[in-house]
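Start at 1 with the first residue, then count along the sequence.
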Amino acid sequence: MEMPVVNRCEATSCVYNRDRRCHATAITVGDLSHAHCDTFFTTAGPGGDQETVGRVGACKMYDCRHNVALECQAPGIDIGYVQDEADCMTYAPA
């Protein structure tokens, strides 16, 4: 199984974000009740690998139609802001 790509990330204050692209090797989405990017992190310096395209490593949103056994099956996801939180905008209740 290939991990889905993070197509676009609007969480520009995240250490893994450069030019609205995620550079974390893998992100985790959700906490059983909210589809936020659990990998979102802010600090003074950049993180991740500039050559890496972010992917979804795990998804804790059981009720998402793209979720199979806590693995995202969407071809790719977008991260954006909902009420000041970095959320998976591809999340869709089953």
Requested in this report: Please lay out, stage by stage, how Val82 and Met89 fare under the test side chain to side chain contact (heavy atoms under 4.5 Å, CB included).
Outcome: CA-CA 9 Å; Val82 174; Met89 305 308 287; 3.9 Å; yes
Requested in this report: Indicate if Ile79 and Tyr16 have the same hydrophobic cluster label, given that clusters are the connected sets of ILVMFWY residues with side-chain heavy-atom separations under 4.5 angstrom.
Outcome: no
Query - Pair Asn67-Tyr91, side-chain donor/acceptor within less than 3.5 Å - result: no
Report summary line: All heavy atoms of Pro4 vs all of Cys72, minimum pair found to be CG-O, 3.3 Å
Report summary line: Between the CD1 atom in Ile77 and the SG atom in Cys9, the distance rounded to the nearest 0.5 Å is 8.5 Å
Report task. Measure the OG1-CG distance between Thr42 and Asn17 for me, rounded to the nearest 0.5 Å. Result -> 12.0 Å
Requested in this report: Identify the two heavy atoms, one from Cys22 and one from Ile27, that lie closest to each other, and give their separation to 0.1 Å.
Outcome: SG-CG2, 3.9 Å
Query - Closest non-hydrogen atom pair, Lys60 against Gly30 - result: CE-O, 3.1 Å
Requested in this report: Tell me, with the steps shown, if His66 and Met61 meet side chain to side chain contact (heavy atoms under 4.5 Å, CB included).
Outcome: CA-CA 9 Å; His66 302 292; Met61 299 303 298; over 6 Å; no
Requested in this report: Could you pull out the closest heavy-atom pair between Met3 and Arg55, with the gap in Å?
Outcome: O-NH1, 2.7 Å
Query raised in the report: Around atom CZ of Arg21, are there more than 12 heavy atoms of other residues, nucleotides or ligands at under 6.0 Å?
Result: no
Query raised in the report: Nearest heavy-atom pair of His36 and Asp31: which atoms, and what distance?
Result: CE1-OD2, 3.1 Å
Query raised in the report: Can you check whether Thr28's main-chain N or O pairs, donor with acceptor, with Thr39's side chain at less than 3.5 Å?
Result: yes
**Report entry** Tyr81 atom OH: more than 12 heavy-atom contacts under 6.0 Å
**Finding:** yes
Requested in this report: Take Asp78 and Glu10 through the side chain to side chain contact (heavy atoms under 4.5 Å, CB included) test and state the conclusion after the steps.
Outcome: CA-CA 8 Å; Asp78 294 317; Glu10 295 298 327; over 6 Å; no
Report task. Kindly compute the distance separating OG (Ser33) from CG (Asp63), expressed to the nearest 0.5 Å. Result -> 9.5 Å
Query raised in the report: At their closest point, which heavy atom of Val53 faces which heavy atom of Val5, and how far apart are they?
Result: CG1-CG1, 3.6 Å
